[in-house]
Amino acid sequence: MTVIVLVGILPLSNFVGHSHWEYIKWMPTAEDLRSPKYLLDIGSDLIGNALLFMPLGFFLSRLLGSWPISRQLVAGFGLAGVLSVGIEWYQVYCHNRFPSVFDLITNIGGAMAGVKSSVRRPGFMMKIGSTTLIPSRQDRSPAP
């Protein structure tokens, strides 16, 4: 979660303390959608945001593994939503940062994808540590 916050607010020198509501991109214009540069820029931004929030959803789901999947999704949605709104609100008061509704949507979508991928692979994290942390029952010999 710290990495997400740092990516969303750095560099701190951009913070100016007065709002920039005119920079918020509520919806792209027709001119924006005709610009290949804008489409490439927004496409990479959307993919990057989703990939940034996927680990948050994945590890939150692992943490809440005993909860029903629906509650894990709601928790992921809530945590990603609160975090995203906070970051976007901060960016309203920054130079060179552009808050966007699309960022909120893709951040939450990335967290939801992380929760879903965790649910699809229930034994993934357990397999990694099980061979080194848990001794097998057959080996009862004293340690050297």
Side-chain angles (χ1 to χ4, degrees), residues 1-139 143:
M1 190 156 49
T2 303
V3 171
I4 294 171
V5 171
L6 290 176
V7 167
I9 68 171
L10 290 178
L12 294 175
S13 61
N14 283 337
F15 185 79
V16 292
H18 60 272
S19 63
H20 296 98
W21 292 106
E22 65 275 10
Y23 293 141
I24 296 176
K25 199 64 144 169
W26 296 107
M27 293 295 286
T29 63
E31 183 180 320
D32 289 337
L33 295 175
R34 283 188 287 250
S35 167
K37 182 185 180 310
Y38 176 81
L39 293 175
L40 180 64
D41 206 27
I42 194 74
S44 63
D45 190 39
L46 297 178
I47 291 168
N49 285 341
L51 291 176
L52 183 65
F53 273 75
M54 279 184 76
L56 175 72
F58 183 87
F59 290 114
L60 181 67
S61 177
R62 291 295 178 188
L63 183 67
L64 307 174
S66 63
W67 289 17
I69 296 168
S70 59
R71 289 186 68 195
Q72 290 179 28
L73 287 168
V74 169
F77 183 92
L79 181 61
V82 167
L83 192 57
S84 296
V85 167
I87 290 169
E88 298 303 313
W89 185 262
Y90 176 84
Q91 289 180 1
V92 169
Y93 295 91
C94 293
H95 284 302
N96 304 323
R97 297 305 303 252
F98 304 101
S100 167
V101 174
F102 293 118
D103 288 348
L104 293 173
I105 294 168
T106 55
N107 293 347
I108 293 170
M112 297 291 94
V115 170
K116 291 297 262 183
S117 67
S118 172
V119 170
R120 287 191 189 128
R121 300 190 63 168
F124 176 69
M125 295 298 283
M126 300 302 177
K127 289 178 188 172
I128 292 172
S130 65
T131 58
T132 58
L133 297 178
I134 302 171
S136 65
R137 291 186 173 260
Q138 294 86 6
D139 185 14

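Atoms considered below: every heavy atom in the structure, side chains included; atoms not considered: hydrogens, waters and symmetry mates. Remember, predicted model here, so these are calculated numbers, not experimental data.
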Exam field: side chain [X] to backbone [Y], donor-acceptor pair closer than 3.5 Å:
X   : Y   : result
R97 : L10 : yes
Q72 : W67 : yes
S61 : G57 : no
Q91 : G8  : yes

(request) Of all the heavy-atom pairs spanning E88 and S100, show the shortest one and how long it is. (result)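 Here E88 and S100 meet closest at OE1-N, 2.9 Å.
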(request) Specify the closest pair of heavy atoms between F77 and I108, including all atoms of both residues, with the distance to one decimal. (result)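 Smallest interatomic distance, heavy atoms only, reads CD1-CG2, 3.2 Å.
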When rounded to the nearest 0.5 angstrom, what distance separates [atom1] in [X] from [atom2] in [Y]?
X    : Y    : atom1 : atom2 : value
M112 : S117 : CE    : OG    : 11.0 Å
L52  : I47  : CG    : CD1   : 13.5 Å
I87  : L6   : CD1   : CG    : 9.5 Å
L79  : I4   : CG    : CD1   : 8.0 Å
N96  : S13  : CG    : OG    : 8.0 Å
Y38  : T29  : OH    : OG1   : 7.5 Å

(request) Please examine the side chains of K116 and L73, heavy atoms only from C-beta on, and report whether any two atoms are closer than 4.5 Å. (result)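 They are in contact (side-chain heavy atoms under 4.5 Å apart), so the answer is yes.
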(message) Is there a side-chain contact between L83 and F53 in this structure, where contact means two heavy atoms from C-beta onward sitting under 4.5 Å apart?
(response)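 In contact.
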(request) Scan for salt bridge (charged side-chain N to carboxylate O under 4.0 Å, His left out) pairs involving residues 30-39, sequence neighbours excluded, and state none if there are none. (result)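 Those involving residues 30-39 are K25-D32.
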(request) Answer yes or no: are there more than 12 heavy-atom neighbours, outside F102 itself, under 6.0 Å from its atom CZ? (result)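 Yes, CZ of F102 has more than 12 neighbouring heavy atoms, counting only those of other groups under 6.0 Å.
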(message) I'd like to know whether CG of L51 has more than 12 heavy-atom contacts from other residues, nucleotides or ligands below 6.0 angstrom.
(response)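 Yes, because the 6.0 Å sphere around CG of L51 holds more than 12 heavy atoms from other groups.
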(message) Under the side-chain hydrogen bond (donor to acceptor under 3.5 Å, both in side chains) definition, can you give me all pairs with a residue in residues 101-114, not counting sequence neighbours?
(response)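 Sorted result for residues 101-114: N49-D103, S84-N107.
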(message) Parallel, tilted or perpendicular: which one describes the rings of F15 and Y90, with boundaries at 30° and 60°?
(response)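 Answer is parallel, since the angle falls under 30°.
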